[in-house]
Amino acid sequence: MGVQIIPDFVYSLIPNTLVLFSVSACFILVHLMGTLFRRYKYVRRCNKIPGPPAQIPLFGSATEFVLPPEEIMPYAVQLYKKYSKKSAVVLSSNKIIDKGPEYDYIQPWLATGFLTSTETAMGRHVDAQQKSDSDYFKAVYKMTHIIQARQTRPWLQPDWLFRLFPLGSEQKRCLSILHGFTDQVIRERKNEHKLRKTEQQQPVDLPKKDDDEFVSKKSRLAFLDLLIQASQDGKMLSDLDIGEEVDTFMVEEKVNEELTRVFGNSNRPVTMNDLSELKYLECCIKEALRLYPSVPIISRQSLEDTIICRYDLPVGAAVIVSPYLIHCDPTYFPDPESFKPERFFPENIVGRHPYAYVPFSAGPRNCIGQKFAMMEEKIILASVLRRFHVKSLDKPRKTLPS
Ligand code: HEM
């Protein structure tokens, strides 16, 4: 039987290791207690702000939003109706100016390619609407789902922890599809540019493109007869459906009248002067941004302790402002679900709360591109509507989530 000899210095190390271990454990414990106590004080301060009571101590109301993505907005509407008794101006504050952490989860996708990879904006057609099952289309939806999940579930928020969950590997897979597509688009566009350069060096007589014909008023009116025919005595389209189509048509008609007044029958490009004339079109764009704000939720984080509406908001608190909810508030926009460009006529905006309409946010962190965006939309819409009669295949939103 062999005898194992343990050197003396190993014995001398054991008490030292024990001491080190105990000191570390104490240190961690004290640190943990301190963090929990700070968190307790923080949640206690936040709980004085009207809102749903915390379900799990120390989590505050964060767990309220651990819901399937499609249920988040309807629930937010309920909370808004219940608790939004006072209007507080958060967006103009210089203390609540930092972007909230909710944006971090969009970063891996948006920062590296989302803006350049949407559909036909880059001149390449994804065919997503026809091929709704395309990998790209699925990846877009999956990514929005993952972002929402991370925004509402604290355990998915630290990057290292998120990577351990199946959603972490799912995100990796989606990003490789989305970025792969972007890279391909850029490659193709570069090749096209190269080709065009070569063509320019060897000029050829291209056949002249036919001028686009305006859709005549007569044929636009025939559209109504078509609707009535299509209704087949209410079997295909109800009176309500026809009514909606007629409302849409009336708006279109007004836009078309304005376009005809400004451009006549000319096919000339849109000028800066024209843009200031297209007042009704501008109201239509504003109304569309009211009902369907591109940024439905804005998140901010307070830089220091702040008082809002007499409530104490501790430093670091996340504040969510929802243009989507504000825009649907009947206090500011009666009959909020209806598309009524007239709401934005100068006489109708008199007296409206200056923060009741915030599709471009407001205050010190508002959208720096809003004038450009409005001009761009006007030019594109004017150019398309002068030549085509457009009909959405999507039904307008029927009812607000209750
Ligand atoms: C209809 C089109 C657009 C809408 C609805 C829109 C809306 C918004 C909103 C709501 C914000 C604030 C987001 C937040 O604080 O979380 C924002 C920020 C911003 N937008 Fe836009 N935007 C549009 C087009 C543009 C364009 C065309 C540009 C650039 C040319 C642009 C540049 C920016 C920038 C740089 C910010 C960040 C400002 C900051 O954080 O200080 N936007 N936009």
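In listed order, ligands and their atoms are each counted from 1.
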Handout entry: atom 10 (C) of ligand 1 [closest protein heavy-atom partner, distance rounded to 0.1 Å]
Key = Pro359 O, 3.3 Å

Fill in the blank from the handout: ligand 1 atoms nearer than 4.0 angstrom to some heavy atom of Ser361 are 10 (C), 12 (C)

Handout entry: salt_bridge(Asp312, Lys48) N-O dist < 4.0 Å
Key = no

Exercise for the section: Return a yes/no value for Ser294: is any of its N or O atoms, backbone included, closer than 3.5 angstrom to an N or O of ligand 1? Expected result: no

Practice task
Please answer whether the main-chain N or O of Met143 pairs with a side-chain N or O of Gln171 as donor and acceptor at a distance below 3.5 Å.
Solution key: no

Problem - Distance filter under 4.0 Å to Arg300 heavy atoms, resulting ligand 1 atoms - result: 14 (C), 15 (O), 16 (O)

Problem - Non-hydrogen atom of Glu377 closer than 4.0 Å to ligand 1 - result: yes

Completion exercise
So for Val358 against ligand 1, with non-hydrogen atoms under 4.0 Å, the contacting part is neither

Fill in the blank from the handout: Contact region, Phe372 to ligand 1, non-hydrogen atoms below 4.0 Å, reads side chain

Practice task
Pull out every atom of ligand 1 sitting under 4.0 Å from any heavy atom of Asn366, numbered as shown with elements.
Solution key: 38 (C)

Exercise for the section: Report the part of Gln370 in contact with ligand 1, treating N, CA, C, O as backbone and CB onward as side chain, heavy atoms under 4.0 Å; options are side chain, backbone, both, neither. Expected result: neither

Handout entry: Distance flag, aromatic centroids of Tyr357 and Phe344, threshold under 6.0 Å
Key = yes

Handout entry: Carboxylate-amine/guanidinium contact Asp274 Arg268, below 4.0 Å
Key = yes

Exercise for the section: Indicate yes or no: does Glu282 engage Lys286 in a salt bridge with an N to O separation below 4.0 Å. Expected result: yes

Handout entry: Closest candidate by heavy atom, reference atom 34 (C) of ligand 1, pool Val295, Leu289, Ile368, Leu91
Key = Ile368

Handout entry: Donor-acceptor contact below 3.5 Å, side chain Arg163 vs main chain Pro158
Key = no

Fill in the blank from the handout: Nearest heavy-atom approach of Asn348 to Glu342 is ND2-O, 2.7 Å

Exercise for the section: Please identify which atoms of ligand 1 are closer than 4.0 Å to at least one heavy atom of Ile298. Expected result: 14 (C), 15 (O), 16 (O)

